[in-house]
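To find a chain, count down the sequence lines: A is the first, B the second, and so on, and within it residues start at 1.
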Amino acid sequence: MREDILRVSRLKIDFQTLEGVVKALENVSLSVKKGETFALVGESGCGKSTLGLAIVQTLASNAVIRSGSIILDTIDLMKISEKERRQICGKQVSMIFQDPSTALNPLFTIGAQLSETIKSHISQKSKDELKKLGMQALREVRLPDAEKVYRMYPHELSGGMQQRCVIAIALSTRPRFLIADEPTTMLDVTIQAQILELLLELKKTIGFSILLITHNLGIVAETCDRVGIMYAGTIAEEGGVEQVFESPLHPYTSGLLAAVPKVVEKSLLKDIPGTVPSLIDPPSGCRFHPRCACVMPECRVTPPEPVEFDSGHMVACYRYACAHTKR
Amino acid sequence: MKTVSRQFPRRLLSPSRTRELRIVLRMIRGNKVSTAGLAIVVCFVIVGILAPWITPRSLDAWGKIVIMERQFLPPSFELPFGTDEVGRDIFSRVVLGSRFSLIIGVSVVALSFSVGVPLGVASSYLGGRSGTLLMRITDMFLAFPPILIAIALVMVIGRGLENVILSLAVSYWPWYARLGFVQANQVKSSMFMEAAKVVGVKRFSIIFKHLLPNTLTPLMVQAALDVGSAVLESASLSFLGLGVQPPTPEWGLLASEGWIYINRAWWITVFPGLVLFVVVLGFNLLGDALRESMDPRLRVRTAT
Amino acid sequence: MSALVSVVNLKKYFPLKSGMLDRVAGYVRAVDDVTLDIDKGETLGLVGESGSGKTTLARCILKLIDPTAGEIFFEGANMTKLDEAAIREFRRHIQAVFQNPFQSLDPRWSIADIISEPLRTHMRMADKEIDDQIARLMSFVGLGEEQLYKYPHELSGGQAQRVAMARALVLSPKLVILDEPTSALDVSVQAQMLNLLADIKKKIGLTYLFISHDLSVVRYISDRVAIFYAGSVAEIGDSAEVFTKPLHPYSQALLSQVPIPDPKIARSKKKILIKGEIPSLVSLPSGCRFHPRCPYVKEKCVRDEPQLANVENRMVKCWLCQ
């Protein structure tokens, strides 16, 4: 039984906005095991990015963490001081985002940005050593002509190459945990495939775990070990990729899977009626109940607690909790 | 059944716009400094409009005849700002002066806006040589400090209220032309402009119904705030003796008239100057608050 | 000819200006000699990665830009060079829906005004008639009448895109060009939109030109598909056939790299990873523009540029397939 590198328990986060309190995350729990690739999937407004930012402690100033814990290996990030958090997170957790052109500082060369990161986390190294480490990082992400790229500015590189640089910088500190928030959404299909393959290989050689945040179910099916499906700030279902894709338990999951077109066959697309709810005034009880085809009276009253169904397959839905207890 | 669709004029206070206004107001009220700014500006406008009716001693305000026993009276409860060399109640003069400042401020901005912005927008849409030519002319004007242009013009066309408004308007229009040009450039490349073309809308209609409305609104905020700077500049002109003429109780003029008595009766020049300072400060504070509230990045969003 | 629109040898080059005097340093060959037909009643999918030229081609057909060379025919008539009046007339027949509805709808116009604009532009109709038409269209695209009084930012992405569709349909056009209409939408909303599009097409008999970089979506909705690479068509043919058995090496690689939301198939699938990046459109490779990245490249590919040739009931631009 592999250990967890990350364990989030009953996390509840609100945002204070001018239009009201946005209940962004409601009772979110998940765990990522060491060495695995965990996908966090959901549509816009589901809270997946918020969760990612919460882990690296870079939420906006109007965020309020009401309850819950985020445990990285053995340390609860909520219970330690700001300074300790920064040290631990900075060294052990790295995060990469969707748009590499905004993640890289346009005024500095790639090399300068690489050395800046390496310097801040690894003990004093001479300028030459920094450069050597930097170039090694660039070669690791398979950039052709690392020497040349080291001296280039971000705008001189294509999107795919920029993202590779971002990955190089993120991995230069040898983190134990990488959060990737839609890392390939802005890239073309062919480049996307290259980047994902690169991430998986580096995961094996360097040895870290990945939390991949995405809305693309194809990527999840191809690259991830486990998946968590989020809906409107809650985790609807969590489990092994094969488990969830082949026997989805939550009605939202099955709805989502039926709505995704596949390039290999022209299957009928079934859409989910209704729209994603506002998080300022979310539906009572289970947040999915207004759109659920099999809604039951209890769904409208209290949010369902997550129930573990098969080994590692968890769902938050009364329909299946009932079926489980009846067995 | 009432017609659902209609073209111009568009409802100014649509439900979405009132909602926007409410959000902006809430943001301003949340910040003490910006609330102060809003309060000052609102007071100024109200006093300026009602001035002829609320001036305590209006005869005083205009009086030219010297009343010896009322000369140089220091500030007291009855005469909050004291009296000047003629015996006039300075408080009344300042209150009445707000009307002139308001008139000048609003007229200058209205005039320069209505001339400058269409020119800027037109050059943006026309593009090419004619557009560039117009912008170069504007650039020439922009190279001068606006107050110098105003001074030069006043020297040519003479002093007085109307000429002050005209000269200041002439010094302001290039800024609006430039603003209109830049804003129109931004809007020009929007998808809905292309979409309008695809629909087949005539060029003229595109400019008036799509380009202009989207360009105007951010500029109107700027215009509202420029009223403050126009007030300040007209006061500067009056202070230099190039603006409105006595006995008009314009603030700048009041300050300059009282300048020579500063050792004997400091209140004559200080109070008008102070009021001017507070009003312009109010506009600046309001401006900062409005700009912050309009900035979409500062409106905190929820990441998903 | 059952072709509704015919594009013949279309080229669109954008000059690259450099230096103080804006000298022309080179050309971006956005569309480089493209010939294709859009048949009446079909959905033709245009796929390609960024910079492939598909959007530029659409803009040429929409007459938003003028081609550098080549011709465009609509219902047999040459419409490459038209005067203003003729262009306006032509706009009644070809409409478009763009990617981001919050950008393609004027944020200061109400929904009612947005949808009625085409009517007011092209026809003289009484207000009451216009109101009726708008109401009809709203229900046609599945929107309630109360939305008419709203402004675009008050709607969700899916709703706003439906408004864009309603606007495109109000003049009963013959062709609707859809440029990445679902790329900005969530998965479930995308499904709604795609089903709506198919539904509408069946009900009133439209022709669609569907542009997207998402191959799964194009597979779902199109009858025929054209795969673009660096400004020209690599392969064009029946959707089902091209997607099950792509012939051009680029098509093969592209299709193999599309992630499939089915773990069993995904993990057993062999991915053909091609090295390198999309070439710069200013300095395209010699001969076949795909040759530097092609796993099967031969000498001929480097020397001569292949032409579209008929292979197995579709057109392919590749020496090795001929």
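The closest side-chain heavy-atom distance from C:R91 to B:V199 is not below 4.5 Å. Under the 4.5 Å side-chain criterion, counting only non-hydrogen atoms from C-beta, C:Q99 is not in contact with B:M191.
Among all heavy-atom pairs drawn from B:K209 and C:W109, the shortest one is O-NE1, 3.0 Å. Between C:S104 and B:A195, the shortest heavy-atom contact is O-CB, 3.6 Å. Here the closest non-hydrogen pair linking B:G200 and C:T121 is O-CG2, 3.3 Å.
Salt-bridge annotation for C:R59 and B:E194: present, with a side-chain N of the basic residue lying under 4.0 Å from a carboxylate O of the acidic one.
For the atom pair C:H122 NE2 and B:K202 NZ, the distance stands at 9.5 Å (nearest 0.5 Å). How far CD of C:E117 is from CD1 of B:I206: 8.0 Å, rounded to the nearest 0.5 Å.
Applying the 6.0 Å contact sphere to OH of C:Y13 captures more than 12 heavy atoms from other residues, nucleotides or ligands. The local environment of NZ in C:K201 is crowded, with over 12 non-hydrogen atoms from other residues, nucleotides or ligands closer than 6.0 Å. Few gaps surround CD on C:E146; more than 12 heavy atoms of other groups in view lie less than 6.0 Å from it.
Contact of C:L105 with chain B is made through the backbone alone, with heavy-atom distances under 4.5 Å. With a threshold of 4.5 angstrom between heavy atoms, C:R167 approaches chain B through side-chain atoms but not through N, CA, C or O.
Formation of a donor-acceptor pair under 3.5 Å by the C:Q95 side chain with backbone atoms of B:V198 is found in this model.
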